[in-house]
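The next block holds one structure in the form of C-alpha cells; read it before the comments.
Residue numbering restarts at 1 for every chain, and letters A, B, ... go by the order of the sequence lines.
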There are 2 protein chains.
Amino acid sequence: MASTRPKPRKLSSAKLRSAAFRRVRADHQSELAQDYVELIADLIDERGEARGTDVALRLGVANATVVKALKRLQDQGLVSQEPYRAIFLTGDGWKLAEDGRRRHKIVERFLLALGVSAETARIDSEGIEHHVSRETLAAMAKFLTRN
Amino acid sequence: MASTRPKPRKLSSAKLRSAAFRRVRADHQSELAQDYVELIADLIDERGEARGTDVALRLGVANATVVKALKRLQDQGLVSQEPYRAIFLTGDGWKLAEDGRRRHKIVERFLLALGVSAETARIDSEGIEHHVSRETLAAMAKFLTRN
DNA sequence: GCATGATTTTAGCCATGGCTAAAAAAGATT
DNA sequence: AATCTTTTTTAGCCATGGCTAAAATCATGC
Ligand SMILES: [Mn+2]
Ligand SMILES: [Mn+2]
Ligand SMILES: [Mn+2]
Ligand SMILES: [Mn+2]
C-alpha cells in the first residue's frame, strides 16, 4: 500500500478561501445557460414561441450574441432550433428552466419579504439567484413561510 | 425643435427585463477587481505584504492568471507593483477594498443570521455580495440590528 | 412570381479570464 | 563566485461573451 499524505487537522485558510472562489466561478459558468432557458421558457409560455430576437431584446444584447450563445446551448443539449425558426427547449432544457424559475421565484419573494421594493427585488434577484446554495435557498423559503 | 418620441406610459416588459440583465453584467465586470483588492488588503493586514503567489493560492487560480489580472488592475489605478515584488494598493484600491469588505461582511453576517452554517455563509456570500444593491444591503443591515 | 424591404445569420473583431510550458530572475549552497 | 534550485514572469494557447458590418434569407405587395 502506498503511503498516504497525513490528513491536515484543519483545512488551511488558503484552501478554504479558494473553495469559495471556485464555487463562484462555477456558478458563473452555468449562469448564462440558466438565464437563457428560463427566458425562453417564459417566452414560450407567454407568447407561444420564443424567437431569437425576443431573447436578445429582453437580455439587452445584440442579436448576433444570442445566435452564438444558442449554438453553444444546442451543443449542450438544452435547446433545439433550425435557422430562421423559433427556439425549442429539450427535456433537459425544460428541467433546467423549471429549476431556475423555482429558485428565482424564492429569491425574489424573499427579497420582497425582507422589505425592498419590487423593482429592486426584481433586479437584485437576477444576479443573486445563481449564488444561492441549496442550504441558503431552504433558509429563504423557511423565512417566507414564517412571514 | 426636433420632434420628440412620446414617453411610453409604462416601460415595456422587455425593457424592464433587460435592465436587470444589464445590471448583472455590470456587476460581473467589477467583480474581479473587487475580489482582488479585498484579498490583497486582507493579506497586507494579516501578513504585512501581499505576494502574487498568495493571491493565486487563495483565489484557486494559476500564478500566470494573477500576473495578467494584476496588470489590468494596475492600468485601472487600483494596485501598484514592480516585478518580483509585493503588491500595493493605491488610494483608490484601498477605498474599493474597504467598501467591498463592508458589503461582504454585512452579507455574510446576514446569511448567518438567517440560519445557514458558517461554511455556507462564507461560500455563498462570496458571490452574492456583488449583486446586492444599496437598498438590499440596507435591508440586510436592518435585519441584523433586529436579530 | 418577383422585386424589394425587413429580418436573421455569418464573419470577424475585441476584452476577459482561464490554462501550460518555457524563459528569466532571485535566492541558496557550497 | 559559480552553480543549482526555486520562484516568478512571459509567451502563447483556448473558450466565453460581447460587438458591428456584411451577406443571406424570408416575407410582402404588387
Ligand atoms: Mn439570472
Ligand atoms: Mn454573479
Ligand atoms: Mn468580497
Ligand atoms: Mn466576491
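- Of the candidates dT8(C), dG18(C), dT8(D), the closest approach to any side-chain atom of R51(A) belongs to dT8(C).
- By the side chain to side chain contact (heavy atoms under 4.5 Å, CB included) test, Q34(B) is found to be paired with L96(B), R103(B), H130(B), residues two or more places apart in sequence or in another chain being considered.
- Looking at residues two or more places apart in sequence or on another chain, you find a salt bridge (charged side-chain N to carboxylate O under 4.0 Å, His left out) between R23(A) and D27(A), D124(B).
- Both T65(B) and Q76(B) lie near DNA chain C, and the one whose nearest nucleotide falls closer to the 5' end is Q76(B).
- Applying the side chain to side chain donor-acceptor pair (under 3.5 Å) definition to pairs two or more places apart or across chains, none involves residues 52-80 of chain A.
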Along nucleotides 9-14 of chain C, 5' to 3', which nucleotides get a B, which get an S, and which get a -, given that the test is a protein heavy-atom distance under 4.0 Å? BBB-B-
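- The stretch residues 27-43 of chain A comes close to DNA chain D through L32(A), each having a heavy atom under 4.0 Å from the strand.
- Between L57(A) atom CG and dT7(C) atom C1' there is a gap of 14 Å when expressed in whole angstrom units.
- Every residue was checked against the side-chain hydrogen bond (donor to acceptor under 3.5 Å, both in side chains) condition with R109(A), not counting sequence neighbours, and none meets it.
- With distances taken from any side-chain atom of A62(B) to the nucleotides dT8(D), dT20(D), dC19(C), the minimum falls on dC19(C).
- A search for salt bridge (charged side-chain N to carboxylate O under 4.0 Å, His left out) contacts involving E98(B) returns R101(B), not counting sequence neighbours.
- Checked for salt-bridge contact, R122(A) and E119(A) meet the test: a charged N lies under 4.0 Å from a carboxylate O.
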Please table the atom pairs, donor to acceptor, closer than 3.5 Å between any side-chain atom in residues 139-147 of chain B and protein atoms at least two apart or in another chain.
from, atom 1, to, atom 2, distance (Å)
T145(B), OG1, K142(B), O, 2.7
N147(B), ND2, F143(B), O, 2.8

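- For the pair T53(B) and dT8(D), the criterion of a side-chain N or O lying under 4.0 Å from OP1 or OP2 is met.
- A straight line from CD1 of I87(B) to C1' of dT8(D) spans 12 Å, rounded to a whole angstrom.
- Under the rule for a side chain to side chain contact (heavy atoms under 4.5 Å, CB included), the partners of L57(B) that lie at least two apart in sequence or sit in another chain are A14(A).
- Separating the CZ atom of R25(B) from the C1' atom of dC19(D) is a distance of 12 Å, rounded to the nearest angstrom.
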